[in-house]
There are 4 protein chains.
Amino acid sequence: MIPTSAAPAARRRGRPPDPHSRSRILTAAETLLDQAGYLNVTIDEVATRAGVSKKTVYRFWPHKPALICDLIVERSAVLPVPDTGDTRAELATLFSLIVEYLTAGPGSTMTLLVAATSDDPGTLAKLREQVVAPRRDIARNVFQRGIARGDLPADVDIDAVLDLWHGLVAYRVTGRPAALPRHTVEQLVDLAMSGHVPRLPPT
Amino acid sequence: MIPTSAAPAARRRGRPPDPHSRSRILTAAETLLDQAGYLNVTIDEVATRAGVSKKTVYRFWPHKPALICDLIVERSAVLPVPDTGDTRAELATLFSLIVEYLTAGPGSTMTLLVAATSDDPGTLAKLREQVVAPRRDIARNVFQRGIARGDLPADVDIDAVLDLWHGLVAYRVTGRPAALPRHTVEQLVDLAMSGHVPRLPPT
Amino acid sequence: MIPTSAAPAARRRGRPPDPHSRSRILTAAETLLDQAGYLNVTIDEVATRAGVSKKTVYRFWPHKPALICDLIVERSAVLPVPDTGDTRAELATLFSLIVEYLTAGPGSTMTLLVAATSDDPGTLAKLREQVVAPRRDIARNVFQRGIARGDLPADVDIDAVLDLWHGLVAYRVTGRPAALPRHTVEQLVDLAMSGHVPRLPPT
Amino acid sequence: MIPTSAAPAARRRGRPPDPHSRSRILTAAETLLDQAGYLNVTIDEVATRAGVSKKTVYRFWPHKPALICDLIVERSAVLPVPDTGDTRAELATLFSLIVEYLTAGPGSTMTLLVAATSDDPGTLAKLREQVVAPRRDIARNVFQRGIARGDLPADVDIDAVLDLWHGLVAYRVTGRPAALPRHTVEQLVDLAMSGHVPRLPPT
DNA sequence: CTATAATCGAGACGGTACGTCATGTCTTACT
DNA sequence: AGTAAGACATGACGTACCGTCTCGATTATAG
């Protein structure tokens with residue numbers, strides 16, 4: 001057989017880390033999370049399903065919440081809301097992405113994870129910096145484009161509006177399970193378009 | 001008139017459960033919950049502090065989540081929003097009660113509790129019927145009084161408005177920690193007063 | 001005038017104890033003992049099977065070992081070895097009664113009960129006074145009749161012989177389960193008849 | 001010659017059990033057993049004293065009786081009765097070792113242990129195979145040496161004699177507490193030496 | 001005929017041990 | 001060096017039995 005590997009310079013010693021492990025652990029954790037819920041995810045079970053030892057899991061993450069946190073970080077695709085020139089359409093897109101994220105996507109675990117991590121500021125901070133903040137920036141951009149186009153008042157309290165939207169969706173998922181009808185979503189977008197939303201205080 | 005008196009109630013036998021124990025357990029659990037958080041509440045510790053055996057705890061509740069559930073049920077005082085004739089003031093009162101409930105009150109444990117109960121539909125149902133629903137009814141009344149007075153449009157989608165408000169507060173507490181400034185609250189009340197909120201679809 | 005009934009014996013007031021309870025409890029305990037063994041006998045279960053409350057059980061006996069003790073006491077029929085004039089036949093009868101008692105009768109629990117009661121001198125004493133001692137007296141009589149008839153040496157160490165016999169049977173039941181063949185029993189009786197057994201030391 | 005070497009033994013993986021733990025647990029259990037008796041031995045306490053977690057205890061043994069069983073197995077030193085050429089002296093030594101074993105040694109727990117294991121045939125079998133049987137073999141050898149030397153009849157029913165001896169001692173310890181005087185022991189040895197003991201049936 | 005007093009069945013109670021399980025760390029042997 | 005297997009300390013879980021203690025019903029004597 002032909003000796004492949006053309007003398008890779010600066011040979012590292014020892015067995016190289018398995019690049020697949022990390023993602024296999026994340027996949028296993030995700031499956032379990034969906035099936036059993038956060039509190040029933042077991043590191044033992046994750047390791048078994050990933051065909052990996054617990055040691056390896058703990059090499060990548062210091063503890064369970066950190067693992068779940070990363071799971072959410074990596075699975076939280078950035079909000080794809082292209083600049084189409086149509087402010088109303090962009091807001092509608094944004095809203096439906098929020099719904100999808102919090103309903104079926106990784107965001108549905110967020111609330112719970114945050115609750116379970118309430119005594120672990122580090123993981124909590126990471127979650128906010130790497131998941132919440134980037135998404136919020138994108139969402140904010142959508143509003144700012146609308147303001148720039150003159151479609152939205154300049155003093156719209158963007159964060160308040162986004163928190164209202166996120167909050168509504170999240171609450172209908174966990175707190176008081178109920179559907180979110182199409183027309184309610186459209187009304188909320190219309191209210192934003194017409195400026196009937198919280199405004200920033202005059203500086 | 002037919003006296004709809006219920007059946008003779010099938011005489012119970014044996015020593016009745018000590019209602020004293022029950023409330024002492026709940027009190028101990030509440031203290032622990034406030035001090036250490038849901039995940040650190042221990043049945044052993046609750047029993048010890050209540051001066052009660054573990055067996056007695058498990059006689060009243062089948063497992064930890066059920067205990068905490070009852071704790072929240074009993075401690076979730078009904079929303080006291082008296083009919084003052086002033087719709088705007090009543091809405092403001094309602095909003096601040098929501099804030100208080102979700103920030104410092106029993107509502108702050110709800111998320112984790114709901115998660116821990118995910119495989120116990122009974123407890124979950126109880127939580128919703130005895131805590132969420134009654135509070136929602138009271139809140140709805142405040143809006144209906146406003147409608148009756150002509151201060152609010154008849155087709156306000158009350159549940160949507162309340163979910164928006166609850167959601168915003170909950171999200172600012174857990175998901176994206178941020179203060180909820182006074183003026184934002186007032187703007188939200190004003191928007192409701194002016195009817196710039198979701199409406200029910202025409203039937 | 002009728003003399004007011006000489007000494008009405010201080011008539012007790014209140015509901016009289018149910019005379020059946022005691023024996024029904026003993027019967028239930030006996031059944032359970034046979035089925036599940038001493039360590040698996042539960043007062044709860046005994047009470048349930050006897051159709052009686054635990055309170056009633058504890059009215060008759062202070063604790064579990066005492067109940068089992070009484071069970072053995074009452075079920076240990078006195079050794080019926082009639083004086084037939086035939087010493088050898090009487091010894092054989094005695095031996096087979098010992099075998100029956102320790103193998104299938106109440107005696108089979110004795111060893112265990114004694115072990116379990118090792119820290120309860122009171123119950124232990126009762127057991128010895130009311131069960132072991134009376135049986136021993138009868139057994140001793142059989143030997144003394146043999147001595148009186150001149151069939152046995154006067155200095156036979158009766159207690160040693162009886163302890164040898166009891167010990168052998170008990171050991172074959174619990175310590176080293178094995179059958180006790182007929183011919184072994186006969187040999188032991190023969191050895192006693194021929195005086196080849198421990199003797200009392202010369203006083 | 002065929003090398004009867006066993007299979008390559010299917011290489012075990014993972015961290016091997018710490019043999020240190022095992023013996024420390026046994027030591028702790030032994031201390032507790034001596035101090036408090038079988039029924040008062042607590043796995044929690046054993047684990048604490050051994051500086052070991054309960055889990056570790058349950059890794060080695062499935063339940064308490066199994067632990068105590070192993071304790072007795074390991075602490076039951078084989079009967080040291082050297083071949084001195086003097087049959088009578090050897091029998092006396094054997095008898096006194098039996099007394100010591102059943103009086104102060106591990107044998108005194110046997111009864112309760114056997115009872116506690118009544119629904120676990122495996123543990124029971126182990127107890128008999130590894131404790132009772134080896135001791136019996138040694139004891140039997142002493143008699144067989146005596147037979148070979150011509151000091152004892154060839155058809156002595158060794159097991160019967162040994163069961164008589166064990167039974168007597170055990171009975172005087174538990175069933176009918178009484179001293180076992182020196183002269184009684186000597187008489188029993190003499191009876192064996194003179195062949196006045198049960199014999200095997202002619203085959 | 002009512003008051004008093006005891007027993008009864010049912011079962012809650014404090015205590016204590018049980019045996020199981022999850023977390024996060026550490027060890028061994030293999031690659 | 002990195003890994004899979006898996007033992008380890010810690011500590012909560014929920015269950016079982018013991019012996020005690022109510023509760024309301026029942027059943028007798030006493031007045």
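Each chain gets a letter, A, B and so on, in the order the sequences are listed, and its residues count up from 1. Basis for what follows: all heavy atoms, side chains included, without hydrogens, waters or symmetry-related copies.
- As rounded to whole Å, 17 Å separates atom C1' of E:dT25 from atom NZ of A:Lys64.
- Classification of D:Arg49 and D:Glu30 as a salt-bridged pair fails, no side-chain N sitting under 4.0 Å from a carboxylate O.
- For C:Lys64 (side chain) and C:Val41 (main-chain N/O), a donor-acceptor pair under 3.5 Å exists by modelled atom type.
- In this entry the distance linking CD of A:Glu45 with P of E:dT20 reads 19 Å, nearest Å.
- A donor-acceptor pair under 3.5 Å is formed between the side chain of A:Ser53 and the backbone N or O of A:Thr56.
- The phosphate of E:dG14 (OP1 or OP2) has a side-chain N or O of B:Thr56 nearer than 4.0 angstrom.
- One cannot find a donor-acceptor pair under 3.5 Å joining the base of E:dT27 and the side-chain atoms of D:Arg15.
- Take the nearest nucleotide of DNA chain E for C:Val52 and for B:Arg22: the residue whose nucleotide is more 5' is C:Val52.
- In this structure, CG of C:Asp18 is placed 18 Å from P of E:dA6, rounded to the nearest angstrom.
- Nucleic acid contact for C:Phe60: none, since no nucleic acid atom lies under 4.0 Å from a heavy atom of the residue.
- Salt-bridge check for C:Arg22 with C:Asp70: passed, with a basic side-chain N closer than 4.0 Å to an acidic carboxylate O.
- Look at CG on A:Asp44: it is 13 Å from C1' on E:dT20, rounded to the nearest Å.
- The nearest heavy atom of DNA chain E to C:Lys55 and to B:Ser53 marks one nucleotide each, and the one closer to the 5' end goes with C:Lys55.
- D:Lys54 has its NZ atom 14 Å from the P atom of F:dA9, to the nearest Å.
- Taking 4.0 angstrom as the limit, C:Ser21 places a side-chain polar atom (N or O) nearer than this to OP1 or OP2 of E:dC8.
- The CD1 atom of A:Ile25 lies 9.0 Å from the CD1 atom of A:Ile43; values are rounded to the nearest 0.5 Å.
- One interatomic measurement links the two molecules: CD1 of D:Ile43 to P of F:dG11, which rounds to 19 Å at whole-angstrom precision.
- Between D:His63 atom NE2 and E:dA17 atom P there is a gap of 19 Å when expressed in whole angstrom units.
- Regarding contacts with the backbone of E:dC13, a side-chain N or O of B:Arg59 is found under 4.0 angstrom from either OP1 or OP2.
- Separating the CG atom of C:Leu39 from the P atom of E:dC18 is a distance of 13 Å, rounded to the nearest angstrom.
- Note on B:Val41: only backbone sugar-phosphate atoms sit closer than 4.0 angstrom, heavy atoms only; bases stay farther off.
- Comparing atom distances between the D:Pro16 side chain and each of F:dC8, F:dG14, E:dT28 picks out E:dT28 as nearest.
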